[in-house]
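Below you'll find the structure, written out as structure tokens, and then a few comments.
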Amino acid sequence: MSLKRVEQRACFGGQQEVWSHTSQVLGCDMRFGIYLPPQAQIERCPVLYWLSGLTCNEQNFITKAGAQRYAAEQGLILVAPDTSPRGEGVADDPQSYDLGQGAGFYINATQAPWATHYRMHDYVVQELPALVEAHFPATQARAISGHSMGGHGALVCALKNPGRYKSVSAFSPIVAPSQVPWGQKAFTAYLGDDKSLWKAWDACELVATASERLLLWVDQGEADEFLPTQLKSELLINTCRDAGHPLQLTMRPGYDHSYYFIASFIGEHMAHHAKALKD
């Protein structure tokens, strides 16, 4: 495998690195950030996967969230992939920030021209963990989290793959993409007009039939400008209540959709995931 380190920086006694590799699933070269805590020098460590939001790449989380400090304290590896396939020959919509490169939505596309490369779900759930566990001092204990579009991805990955993750959390997630403009635009392009096929990629739809009762932790800023139109946390509240699915919704007065919000509470999330990964 063409695994190549492109960045390495000392950070809280560990190493923040960025690697590139050729993805067989996506059919292009990909980059991911990985933080190796000091404990990884002597033992294998559990892994938290972080999925970023629209327009982001692997850099946003590793440079803005401040998570490395907590990962070093807890002995967690952090893995932050890019948000979509990229490169020459990869389909894109240069006129849209919410479709194409930078907006993969962590689903497996079925429609041309997207289906050739846009299989981010399989990449995040299968190919990337296999690579991490084979080439880094990582155990098979996994947790997953994310923000906005990545929060949607984290919830869907956990709900569609029972037993694969020890815990899941999401900051400001798109909980019902089938019912909001961001999701409707992406799903129409990637999956087609048959809305019955969208249900397989919608957290609110998946909760109703989930075979695993893994706690969903949603952290939401009350001052988030996207809350009433794109995020609609109340839809997940109602769905989880009706399905009897465990949900922890934390509303944060005064906080918006930005990384200032994530950085303020990432330590709580890291502690939550560390406990689950080590139980």
Side-chain angles (χ1 to χ4, degrees), residues 48-51 53-54 105-107 121 124-125 142-187 191 194-257 261-262 264-277 279:
L48 172 62
Y49 291 86
W50 173 271
L51 307 183
L54 287 166
F105 270 82
Y106 304 102
I107 67 175
H121 179 81
V124 167
V125 173
R142 312 173 196 94
I144 193 164
S145 187
H147 171 233
S148 194
M149 177 186 72
H152 142 75
L155 295 174
V156 168
C157 286
L159 288 165
K160 286 178 70 69
N161 298 276
R164 189 155 185 82
Y165 302 99
K166 298 285 189 179
S167 54
V168 57
S169 70
F171 287 84
S172 312
I174 306 169
V175 300
S178 299
Q179 301 183 54
V180 299
W182 277 340
Q184 290 167 342
K185 179 177 180 178
F187 282 12
L191 302 173
D194 184 351
K195 294 183 179 181
S196 67
L197 301 178
W198 298 6
K199 295 180 179 180
W201 306 103
D202 186 308
C204 281
E205 297 288 348
L206 292 168
V207 160
T209 58
S211 61
E212 180 184 38
R213 289 295 187 253
L214 188 66
L215 172 69
L216 310 180
W217 182 9
V218 170
D219 213 327
Q220 176 64 58
E222 290 185 2
D224 190 323
E225 62 271 36
F226 300 113
L227 179 57
T229 57
Q230 303 281 11
L231 308 180
K232 295 192 174 182
S233 300
E234 72 277 3
L235 297 178
L236 186 62
I237 295 172
N238 296 336
T239 300
C240 286
R241 182 192 62 232
D242 294 344
H245 195 103
L247 170 67
Q248 176 181 328
L249 176 63
T250 308
M251 299 298 298
R252 308 285 191 176
Y255 286 89
D256 61 13
H257 199 71
F261 167 46
I262 296 169
S264 297
F265 302 107
I266 193 65
E268 294 181 24
H269 285 250
M270 297 292 291
H272 169 75
H273 291 299
K275 183 178 185 301
L277 285 164
D279 281 349

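The basis for the numbers below is simple: all heavy atoms, side chains too, and nothing from hydrogens, waters or symmetry mates.
- Listed by first and then second residue, the salt bridge (charged side-chain N to carboxylate O under 4.0 Å, His left out) pairs involving residues 231-241 amount to none (not counting sequence neighbours).
- Shown here are the ring pair (Phe, Tyr, Trp, His ring centres under 6.0 Å) partners of His147, two or more places apart in sequence or in another chain: His257, Tyr259.
- Residues Trp182 and Ser148 have side chains in contact (heavy-atom distance under 4.5 Å, counting atoms from C-beta outward).
- Contact between Ala154 and Ile144 at its shortest, heavy atoms only, is O-CG2, 3.8 Å.
- Not less than 6.0 angstrom separates the ring centroid of Trp201 from the ring centroid of Phe105.
- With sequence neighbours excluded, the residues that form a salt bridge (Lys or Arg N to Asp or Glu O under 4.0 Å) with Glu268 are Arg252.
- The two residues Gly254 and Glu222 make their nearest non-hydrogen contact at N-CB, 4.5 Å.
- Applying the salt bridge (charged side-chain N to carboxylate O under 4.0 Å, His left out) test to every pair with at least one member in residues 198-215, sequence neighbours left out, gives no pairs at all.
- The ring pair (Phe, Tyr, Trp, His ring centres under 6.0 Å) test applied to Phe187 returns Trp198, not counting sequence neighbours.
- Put simply, the side chain of Ser169 reaches to within 4.5 Å of the side chain of His273, judged on heavy atoms.
- Under the side-chain contact (heavy atoms from CB on, under 4.5 Å) criterion, His272 pairs with Ser167, Leu215, Trp217, not counting sequence neighbours.
- The shortest side-chain heavy-atom distance between Arg142 and Asn161 does not fall under the 4.5 Å cut-off.
- Considering only heavy atoms from C-beta on, Leu231 stays 4.5 Å or farther from Val180 through its side chain.
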